[in-house]
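Keep in mind that this is a model prediction, so the values were computed, not measured. Chain naming here is simple, since letters A, B, ... match the order of the sequence lines and numbering starts at 1 in each.
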Amino acid sequence: MQDSDILPYRPADIEPGWQKSWLDSGMYEIDNDDPRETRYVLSMYPYPSGPAHIGHVRNYTFGDLLVRYHTMHGRGVLSPIGFDSFGLPAENAAIKHGEHPRPFTDARIEELSASLRSIGAVYDWRRVVKSHDPDYIKWSQWIFLRFYEAGLAYRAYAPVNWCPGCKTVLANEQVVDGLCERSDDVVEKRNLDQWFYKITDYAQELLDDLDDLDWPARVKTMQRNWIGRSEGAEFGLPVANPDGTPNTDAAPLQVFTTRPDTGFGMTFAVMAPEHDRVDEFTTAEQQADVDAFRVSVKALSEIDRMSTEGEITKRGVFTGGSVINPFTGKAIPVFLADYVLTTYGTGAIMAVPGQDQRDWDFAKAYDLDIVRTVEPTEGFDGEAFTGDGPAINSEWLNGLGVTEAKAKTMDWLVEQGLGEATIKFRLRDWLLGRQRFWGAPLPMVKCEACGFVPVPDDQLPILLPDDVEFRPSGESPLTYHEGFLNTTCPKCGGPAQRETDTMDTFVDSSWYFLRMADAFNDEAPFSHEALEKFLPVDQYIGGVEHAILHLMYARFFMKALADLEIAPKTLREPMRRLFTQGMVRMGGGKMSKSKGNTVAPEAIVAAHGADALRLAILQVKPPAEDVDWEDFQLDGCERFLHRVWRLAIPGTDLFTDVRSGAPDAADNDIAKATHVLIERITNEYERWAYNNAVAGFMEFTNTVYKYVQTPEGPHAETLHFAVDTMLKLMAPAVPHITAELWRHRHGDDAPQIHLERWPIADPEMLIVSEVTMIVQVNGKVRDRIEVPAEISDADAEALALASAEAQGYLTGAPKKVIVRAPKLVNIVA
RNA sequence: GUCGGAGUGGUGGAAUUGGCAGACACGCUAGCUUGAGGGGCUAGUGCUCGAAAGGGCGUGGGGGUUCAAGUCCCCCCUCCGACACCA
C-alpha cells in the first residue's frame with residue numbers, strides 16, 4: 001500500500017480535542033424531560049483513591065462502549081458518574097498527616113475524574129454524586145430518619161469487632177487475618193449497643209425476586225447462599241430434673257433443626273457458650289469448668305479461629321444439666337460447644353450424631369451415645385449418614401423416607417404442643433453504625449431524659465465539623481469535638497449529645513443510582529417521575545467483589561423505599577441487568593495500590609493512545625474473565641489502528657485510484673461482507689463478546705486490504721460504504737480515531753460520527769447463495785463441495801456420494817447417510 | 001468441607017443450536033519493500049510420520065451416549081473464586 005505523505009495517525013494530537021468537545025457540547029448530558037426512549041447505563045461508582053488504575057479503565061471502557069452504542073441507536077442514555085468518597089483510606093491518611101480528609105478526598109476525585117476523561121469515557125458530569133457532598137449527606141440522613149420512623153432502623157446489642165489499640169469498633173473489612181488493619185492489634189469480639197437496618201424483614205422477598213433478575217447466575221447463587229433460607233422445626237426440649245423426670249416449672253429449651261425426622265437419634269443437646277440460659281443448666285460441680293470454657297471461647301480471637309482451618313477440633317464442656325428427648329422420653333445431657341452459634345436459629349441444637357458429622361465428632365470426643373435413625377445405603381462406610389433412606393430405631397417413623405418422616409414428625413410436634421414448622425435465614429440485620437469520622441453522621445441526639453431522639457428534618461444535614469484534630473489513636477474526632485457533640489434535645493429542649501457514629505459507606509452506595517436520576521432535586525432525594533423515567537438501571541457494571549454486600553443492600557433499599565412510597569411502589573428492584581467484569585491481575589496476583597503493582601493508564605495513553613488502550617482491553621479477553629496485564633496486546637492494537645487509519649484517511653491513492661460505474665461480482669462480495677459485519681458486530685456487542693467484535697474488525701480490515709490490492713482496484717462506492725460502515729461500528733469502542741477519520745472523510749460541517757445512526761444490515765444482502773458443504777466418511781472430513789444454499793437433501797446426498805474423494809474411502813455400499821443440507825453429509829461406511 | 005466457575009497450539013483466545021477444532025491476535029519463520037529499522041506488504045505456522053503426495057493423532061484424565069462430542073451424561077485430577085462449624 002502506498003506510503004505517500006498522508007496525514008499520520010497521532011493519538012496524542014487528536015484525543016484531547018475530542019474529549020473536550022464531548023464535554024463542552026454536552027452531547028452526553030440528558031435532561032429529565034428528554035423525549036427519546038431512555039437507557040440507564042451505570043458503572044459502579046468508584047472509591048476515589050487517586051488516578052484510575054487499569055482495572056477501573058476496564059470497567060469504564062465497557063460502560064462507555066454501551067453508552068455510545070445506545071446513543072447511536074437514537075436512545076437517550078443516562079450515563080452518570082459519581083464517587084464513593086467516604087471511607088477509611090481517606091481517614092487513615094488524615095490521621096497520618098494530621099489533615100482533614102475533605103481536601104485529600106477532593107484532590108483524589110479530581111485525579112480520578114481526569115483519568116476517566118483521558119480514556120474518552122463520557123458522562124453527564126452535571127449529575128455527579130459524591131457521598132461526602134453536604135447535599136447527598138442530607139438526603140442519606142433524611143432516608144435514615146424515614147427508615148427509623150418505620151421501624152426499619154433500630155438500636156440493639158450486637159457482637160462487634162473491637163480494636164483495643166484504636167479503641168474503636170471495626171467493620172469486618174477492616175479486620176485482616178484477625179488483626180486491625182491500621183494498628184495490627186488483635187481484634188476482640190465485644191457486645192455493644194449498635195444501629196441496625198432491618199434487612200431481615202425483606203429476606204424472603206430478596207430471595208424470591210432474584211428469580212426474575214437478568215444477573216449472572218453465580219451472583220444470584222451467592223446471594224441465595226448469603227440469605228441462607230432453611231426450612232425446619234423449632235421446638236422445646238423439656239428440662240429434666242437430676243433424677244431424669246421432667247421439670248415442669250422450667251421453660252423448655254428451644255432448639256431449631258432442619259431434620260426433625262431424626263429426633264429419636266437425639267442423644268444430647270448443645271447450647272452456644274453465649275446462650276443466656278447457660279447458668280440455669282450448669283450444676284455446682286460443673287460451674288468451674290463451664291466458666292473456664294466460656295472465658296476461653298470469649299478470648300478466642302479471630303486469629304485462633306483461623307488457625308483451626310482444615311481439621312476442626314471440637315471444643316465443649318458438660319453443663320451437668322439435662323433435658324428430655326421428647327421422642328424417646330429419656331433424659332439427655334446438655335453440653336456447651338463453640339460449634340453452636342448464638343446468632344443462628346435458637347442458639348441451641350438437638351444433637352443427632354448418627355445423622356450429622358459435627359455431632360458425630362463431638363459424640364466421639366465426649367464418648368456419647370450414637371443412634372442411627374436412617375438406614376445408610378448399601379456399602380456406606382462413613383460416619384454420620386446424611387443421605388436419604390428408611391427411618392430406623394424411630395418407632396412410629398420406621399420405614400418412612402426422610403421427606404415423609406419430616407412431615408409426620410412436624411405434625412406430631414404440633415399435636416404435642418412442642419413446636420412448629422419455621423423458616424430460618426442466615427441473613428443478619430445490617431449493622432450500619434461506624435465509630436469513624438469520615439462518613440455521614442447518624443442524625444440522632446441522645447438526651448438524658450428522652451433517650452435517642454431523631455434530628456428534625458429542617459435541621460438536616462448534620463455535617464462533619466471542619467476544625468477537627470485527629471489523634472494518632474484512631475478514635476473518631478467526633479467523640480471529643482465539643483462543638484459537634486453538645487446540642488439540645490429536639491424534644492424537651494434540654495442539654496443533649498449528638499450520636500457520634502457515622503454511617504457505613506454501604507449506605508451511601510445503596511441509593512446513589514437513584515439520586516443520579518434526579519440529581520438536581522432539592523425537595524426530595526428524588527422524584528417518582530424521575531425514577532419512573534430512568535429506573536431500574538438497564539445495565540449495571542461492576543466487579544464481582546460486590547456480588548453480595550453492595551448489591552444486597554441496594555436491593556433492600558429499593559424495596560424499603562418503595563414500601564415507604566419514597567420511591568414508586570412498583571419499583572422493587574434497582575438493577576434490571578448486571579454484568580460483573582473480571583479483575584485485572586499483575587504477576588498472577590490481584591492488582592492493588594497497597595501491593596504497588598498497579599498500572600497507571602496515563603503512561604499507556606501517552607505511549608499508545610486512549611483508543612489503543614480501549615481496544616486492547618476489549619480484545620484481550622471476554623469481559624467477564626480475569627485477565628493478566630501481561631497478556632494485553634497494546635502494540636498489536638495500536639498497529640491495527642494505524643492500519644485502519646491508512647485505509648480510511650483521505651489523501652491516499654484509494655481516494656483517487658478507484659473505479660466508478662457499475663459494481664462487479666467482487667465488489668458485490670465486499671458489499672455483502674459489509675452487511676454481514678453489521679449483523680455480526682451488533683450481535684457481538686449485544687452479547688458482551690467484545691473480544692470477538694475486535695476480531696471481526698480485524699478480519700474485515702484484512703478483507704478490505706486484499707480487495708483494494710486486486711488488479712482491478714476497488715470500486716469507489718463499495719469501498720467507501722465498507723470503510724464508513726466499519727468506522728461507525730467501531731465508534732463505540734474506539735471513539736477518538738473514528739471521530740477524527742469521519743471528520744476527514746465527511747468534512748468539518750458533517751455531524752460527528754457519534755451522532756450517526758447505527759447501521760442496519762439489509763436482509764437481502766445477508767442471503768448466502770453458495771455454501772461449502774462438508775462431506776464426511778465415518779465422521780472424518782474427506783471433501784468440500786460448493787453447493788447452492790437451498791440444495792435439497794437428496795441432491796446433497798447424491799453430490800456427496802459422487803465425490804471422488806469420498807469414494808476413495810468407501811469399499812461398498814454405505815450403511816447409512818446422514819444429510820444436513822446444505823452444510824454437511826456424513827456417509828457411514 | 002459446601003457452593004459456583006474454568007481447564008483448547010509456544011501465548012491470549014474463537015467455535016451462539018451436538019455438525020470443518022484452533023477464527024482473530026501475539027510470537028516465530030521466510031520473501032518483498034535494491035540498504036539499515038521496534039516501519040509497511042505478502043506467505044507460512046496444532047503435534048506427529050513422510051522427500052513429497054498423503055496419513056495418523058489431537059480440546060486436563062478415564063468411561064459412556066451419538067452417524068457425529070471442546071460442546072451432552074457419569075467418575076476422577078488440577079486451578080481460581082465465594083462462603084466457611086448455619087443445626
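- The shortest distance between the side-chain N/O atoms of A:Arg646 and the OP1/OP2 oxygens of B:C41 is below 4.0 Å.
- When each of B:A84, B:U42, B:A68 is scored by its nearest atom to the side-chain atoms of A:Arg643, the top-ranked nucleotide is B:U42.
- For the residue pair A:Ile737 and A:Asp611, the shortest heavy atom distance occurs at N-OD2, 2.7 Å.
- The CG-C1' distance, from A:Asp628 to B:G12, rounds to 10 Å in whole Å.
- Annotation: B:U66 and B:G19 have their C1' atoms spaced 12 Å apart (nearest Å).
- Atom CD in A:Glu699 sits about 18 Å away from atom P in B:G13, given to the nearest Å.
- With contacts defined as side-chain heavy-atom distances shorter than 4.5 Å, the pair A:Phe640/A:Met698 qualifies.
- In this structure, of B:G27, B:U16, B:C86, it is B:U16 that holds the atom nearest to the side chain of A:Arg687.
- For the pair A:Arg585 and A:Trp629, the cation does not sit on the ring face, since its NZ or CZ is not both under 6.0 Å from the ring centre and inside 45° of the axis.
- Along RNA chain B, the nucleotide nearest to A:Asn683 and the one nearest to A:Lys706 differ in position, and the one closer to the 5' end is contacted by A:Asn683.
- Residue contacts for A:Val340: at a heavy-atom cut-off of 4.0 Å it reaches a base atom on one of the strands shown.
- Look at OH on A:Tyr344: it is 9 Å from P on B:C86, rounded to the nearest Å.
- When the side-chain nitrogen and oxygen atoms of A:Ser230 are compared with OP1 and OP2 of B:A87, one or more of them lie within a distance under 4.0 Å.
- Atom name P, nucleotides B:U45 and B:G10: the rounded distance is 16 Å, in whole Å.
- If you measure from atom NZ of A:Lys621 to atom C1' of B:G12, you get 7 Å, rounded to the nearest angstrom.
- Considering only side-chain atoms of A:Arg820, the nucleotide from B:G19, B:C3, B:U42 that sits closest is B:G19.
- For A:Gln709, taking side-chain heavy atoms from C-beta onward, the closest of the listed nucleotides B:G40, B:U42, B:A87 is B:U42.
- B:A84 is unpaired under the criterion used here, namely a Watson-Crick or G-U wobble arrangement in which both key atom distances are under 3.5 Å.
- Going from atom CG of A:Leu824 over to atom C1' of B:C67 covers 10 Å, rounded to whole Å.
- Nucleotide B:G12 holds its C1' atom 14 Å from the CG atom of A:Asp626, rounded to whole Å.
- In this structure, A:Arg782 reaches the sugar-phosphate backbone alone: every heavy-atom distance under 4.0 Å involves primed, P, OP1 or OP2 atoms, never a base.
- Looking at the side chain of A:Phe256, the nearest of the listed nucleotides B:G12, B:G40, B:A87 is B:A87.
- With ring centers used as reference points, A:Phe362 lies 6.0 Å or more from A:Trp360.
- B:U8 and B:U42 are spaced 31 Å apart, taking the P atom of each and rounding to whole Å.
- Within the cation-pi definition used here (under 6.0 Å to the ring centroid, within 45° of the axis), A:Arg646 does not qualify as a partner of A:Tyr9.
- Counting only heavy atoms from C-beta on, A:Glu625 has its side chain closest to B:G13 among B:G39, B:A87, B:G13.
- Nucleotides B:G37 and B:A23 are separated by 29 Å at their P atoms, to the nearest Å.
- Of all nucleotides listed (B:G27, B:A87, B:G13), B:G27 comes nearest to the side chain of A:Arg639.
- When the nearest nucleotides of RNA chain B are assigned to A:Ala695 and A:Thr258 by heavy-atom distance, the more 5′-ward of the two goes with A:Ala695.
- A straight line from CG of A:Leu634 to P of B:G38 spans 19 Å, rounded to a whole angstrom.
- Whole-Å rounding puts the A:Phe632 CZ to B:C24 P distance at 22 Å.
- Between A:Thr262 and A:Met350, the closest side-chain pair of non-hydrogen atoms falls below 4.5 Å.
- Between A:Asn778 and B:C67 there is no side-chain polar atom (N or O) within less than 4.0 angstrom of OP1 or OP2.
- Taking the side chain of A:Trp226 as heavy atoms from C-beta on, and the options B:C20, B:C83, B:C67, the nearest nucleotide is B:C83.
- For B:C67, one of the phosphate oxygens OP1 or OP2 lies less than 4.0 angstrom from a side-chain nitrogen or oxygen of A:Lys816.
- Taking the charged nitrogens against the carboxylate oxygens, A:Glu699 and A:Arg680 do have a contact shorter than 4.0 Å, which makes a salt bridge.
- A:Arg218 comes within 4.0 angstrom of the backbone, heavy atoms only, and of no base.
- A donor-acceptor pair is defined here as one N or O able to donate and one able to accept, closer than 3.5 Å; no such pair exists between the side chain of A:Glu234 and the backbone of A:Thr257.
- Applying the 3.5 Å distance criterion, the base of B:C20 shares a donor-acceptor pair with the side chain of A:Arg784.
- In this structure, of B:C3, B:A87, B:G4, it is B:C3 that holds the atom nearest to the side chain of A:Asn225.
- Heavy atoms of A:Lys780 sit under 4.0 angstrom from primed sugar atoms or phosphate atoms, though from no base atom.
- A donor-acceptor contact under 3.5 Å is not formed by the side chain of A:Asp631 with the base of B:U11.
- For A:Asn702, taking side-chain heavy atoms from C-beta onward, the closest of the listed nucleotides B:C85, B:C24, B:C20 is B:C24.
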